[in-house]
Amino acid sequence: MTRSILVTGATGFIGSRLVEKLVEKEHNVTSLIRKGKHSHPKSRKIIGDLTDSNLDISIEKIDCVFHLASHTPLEKNKKILEKVNLGGTKNLFNQIKDKTKSIIYISGLGVYGDPGEGIVDESFPYNPTTDFVKIRLDAQKFLEKNCKDVGINFSVIHFGDVYGTRGWFYEFLIKRLLKHTFRLPKNGNYYKGFVHIEDAVGSMVSVLENNLKNESYIVADSSPAKFREFVDFTADQIRVKHPGNVPVFLAKAVIGGDLIKLLMTSMKVSNKKISQIYQFKFPSYRDGIPNVISELKSKRLLK
Ligand SMILES: NC(=O)c1ccc[n+]([C@@H]2O[C@H](COP(=O)([O-])OP(=O)(O)OC[C@H]3O[C@@H](n4cnc5c(N)ncnc54)[C@H](OP(=O)(O)O)[C@@H]3O)[C@@H](O)[C@H]2O)c1
């Protein structure tokens, strides 16, 4: 069944791959992109910035909006985060509230805070501990409430750390490992949930195509791993030395306290719920990283 879909954040790491997949599946895709940016040639484009009070999403009825546009947690200025991630979400909602049947909002595992030893699933309470995550949760709650009031289906996906040929994996890990400038705070001794970009996109499409209403999903692969293991495995794959450590106070000074808190929070998650509708292609980073490395090589981004 062909659906009409709007994607925000369509030029980003995950959004661009999502648009590609939706086009491949013959859905009618519209990309919201900022001036001067490009998106998939087979998707319709609407130029606009979510923070612009004159934002005009001139679109007929749509089946679903995937809302991915966001500042990254690298942004330290709370006012900017509020303007884009919360204000931008409200602005978007006002434009689409009488046009769409459903909204799928993309978020991260940070909403669960510091859960301790247990395995986190969708029944876990939210407990945000950084400004970035608090603002992101405010945006989620705004959408949840307002969608309910006007009868729009709302679902949220909480991604683990998504790795692929763009984004943090390539820009911060691969490039710095190659230059021998990557360092691990606290020896990388904390559990993370990882997800290959293909599985991130595949699970989003499954949520869309299964027509699920008012649900939340955790999307991470089946093998929670310590960050140190993930990084050392990546280093082995590109044949560079395992990285050393950096004191936490120094890491905070360089990339910000909130981001370091998000990075160093140990969390094991269950992907049982999403696995009922989506079968992971890369159930472990040990399957997924070699695939990304060979894609980087074929794109000549890595020798
Ligand atoms: N990557 C991960 O590991 C991960 C993990 C968990 C959750 N997530 C969430 O998944 C979503 C997508 O992540 P990503 O890695 O694809 O992010 P990304 O590569 O940084 O892309 C962000 C996208 O948002 C757009 N954007 C930013 N501000 C905007 C504004 N004011 N108006 C319109 N568009 C704006 C950017 O457009 P420009 O190209 O014009 O800058 C870009 O298309 C985000 O919500 C992110 O927090 C990501």
Side-chain angles (χ1 to χ4, degrees), residues 6-21 30-40 43 45-57 65-75 77 79-93 95-96 103-112 128 130-137 139-140 143 156-173 192-201 203-204 216-221 227 230 258-259 262-263 265 267 269 285 288 292:
L6 172 70
V7 178
T8 76
T11 53
F13 165 45
I14 303 174
S16 58
R17 289 288 280 256
L18 174 67
V19 170
E20 212 176 290
K21 180 56 107 189
T30 303
S31 301
L32 178 74
I33 60 174
R34 292 198 276 189
K35 209 170 161 191
K37 296 288 173 100
H38 301 280
S39 77
H40 195 288
S43 85
K45 282 159 228 18
I46 293 182
I47 310 286
D49 188 302
L50 286 180
T51 61
D52 188 347
S53 53
N54 296 320
L55 178 72
D56 178 16
I57 302 189
V65 178
F66 279 101
H67 179 29
L68 291 93
S70 144
H71 252 299
T72 69
L74 274 171
E75 177 56 66
N77 186 323
K79 288 220 158 56
I80 296 179
L81 286 172
E82 271 169 349
K83 190 174 171 192
V84 177
N85 294 4
L86 180 57
T89 298
K90 291 181 178 175
N91 211 7
L92 171 73
F93 182 78
Q95 287 287 319
I96 55 166
I103 298 178
I104 299 176
Y105 178 59
I106 305 306
S107 178
L109 293 177
V111 291
Y112 296 106
T130 67
D131 283 338
F132 175 81
V133 178
K134 280 179 198 156
I135 293 164
R136 144 146 294 174
L137 201 51
Q140 179 184 327
L143 287 176
V156 55
I157 296 177
H158 298 297
F159 278 133
D161 293 305
V162 184
Y163 62 94
T165 56
R166 284 176 61 183
W168 65 271
F169 182 74
Y170 180 63
E171 296 299 332
F172 291 103
L173 184 57
K192 310 288 297 169
F194 297 101
V195 55
H196 188 290
I197 181 70
E198 255 192 65
D199 285 324
V201 167
S203 56
M204 291 162 93
S216 84
Y217 295 92
I218 285 175
V219 174
D221 70 22
F227 195 45
F230 181 93
D258 270 13
L259 190 53
L262 281 175
L263 173 68
T265 299
M267 193 185 302
V269 299
Y285 70 91
V292 173

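We number each residue from 1, following the sequence as shown. The shown structure was predicted, so the numbers you read here are calculated from the model rather than taken from an experiment. Indexing begins at 1, ligand by ligand and atom by atom, following the structure's order. Only heavy atoms go into these numbers, but all of them, side chains included; no hydrogens, no water, no symmetry mates.
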*What closest approach, in Å, do Gly9 and Ala69 show between heavy atoms, and which atom pair accounts for it?*
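What the structure gives for the nearest pair is N-CB, 3.6 Å.
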*Give the minimum heavy-atom separation between Leu263 and Lys192, together with the two atoms involved.*
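For Leu263 and Lys192, the tightest heavy-atom pair comes out as O-NZ, 3.0 Å.
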Which segment of [X] sits under 4.0 Å of ligand 1 when only heavy atoms are counted:
X	result
Tyr163	neither
Ile106	both
Ile14	both
Ser107	backbone

Close side-chain approach of [X] to [Y], heavy-atom, < 4.5 Å:
X	Y	answer
Leu74	Leu259	yes
Thr89	His67	yes
Ile96	Ile103	yes
Met204	Ile106	yes
Ile14	Val162	yes
Thr30	Leu6	yes
His196	Asp221	no
Val7	His40	no

Regarding ligand 1, does [X] bring an N or O atom to under 3.5 Å of one of the ligand's N or O atoms?
X	result
Phe132	no
Thr51	no
Leu68	yes
Gly12	yes
Arg34	yes
Phe159	no
Gly48	no

_Around atom NZ of Lys83, are there more than 12 heavy atoms from other residues, nucleotides or ligands closer than 6.0 Å?_
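Count not over threshold, so no.
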Protein residue, atom and distance nearest to [atom], heavy-atom basis:
atom	answer
atom 31 (N) of ligand 1	Asp49 OD1, 2.9 Å
atom 43 (O) of ligand 1	Thr11 OG1, 2.6 Å
atom 3 (O) of ligand 1	Val162 N, 2.9 Å

*For atom 22 (C) of ligand 1, which candidate among Ser70, Ala69, Gly9, Ala139 holds the nearest heavy atom?*
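Closest candidate by heavy-atom distance is Ser70.
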Please identify which atoms of ligand 1 are closer than 4.0 Å to at least one heavy atom of [X].
X	answer
Val84	28 (N), 31 (N)
Trp168	3 (O)
Leu50	30 (C), 31 (N), 32 (N), 33 (C)
Phe13	1 (N), 15 (O), 16 (O), 19 (O)
Thr72	20 (O)

*asked:* I'd like to know if the side chain of His158 pairs up with that of Ser216 as donor and acceptor (distance under 3.5 Å, no hydrogens or angles considered).
replied: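 No - no donor-acceptor pair under 3.5 Å links their side chains.
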Within less than 4.0 angstrom of ligand 1, does [X] place any heavy atom?
X	answer
Gly110	no
Gly160	yes
Lys37	yes
Arg136	yes

*Could you tell me the separation between the CD atom of Gln140 and the CG atom of Asn85, rounded to the nearest 0.5 Å?*
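Those atoms lie 13.0 Å apart.
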*Please work out whether the ring planes of Tyr163 and Phe230 are parallel, tilted or perpendicular, with thresholds of 30° and 60°.*
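Aromatic pair Tyr163/Phe230 classed perpendicular.
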*Audit row: Ile218, Tyr112, side-chain contact (heavy atoms from CB on, under 4.5 Å) steps and yes/no*: CA-CA 11 Å; Ile218 285 175; Tyr112 296 106; 3.8 Å; yes
*Verify the contact flag for atom 34 (N) of ligand 1, where contact means a protein heavy atom under 4.0 Å away.*
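Yes, there is one.
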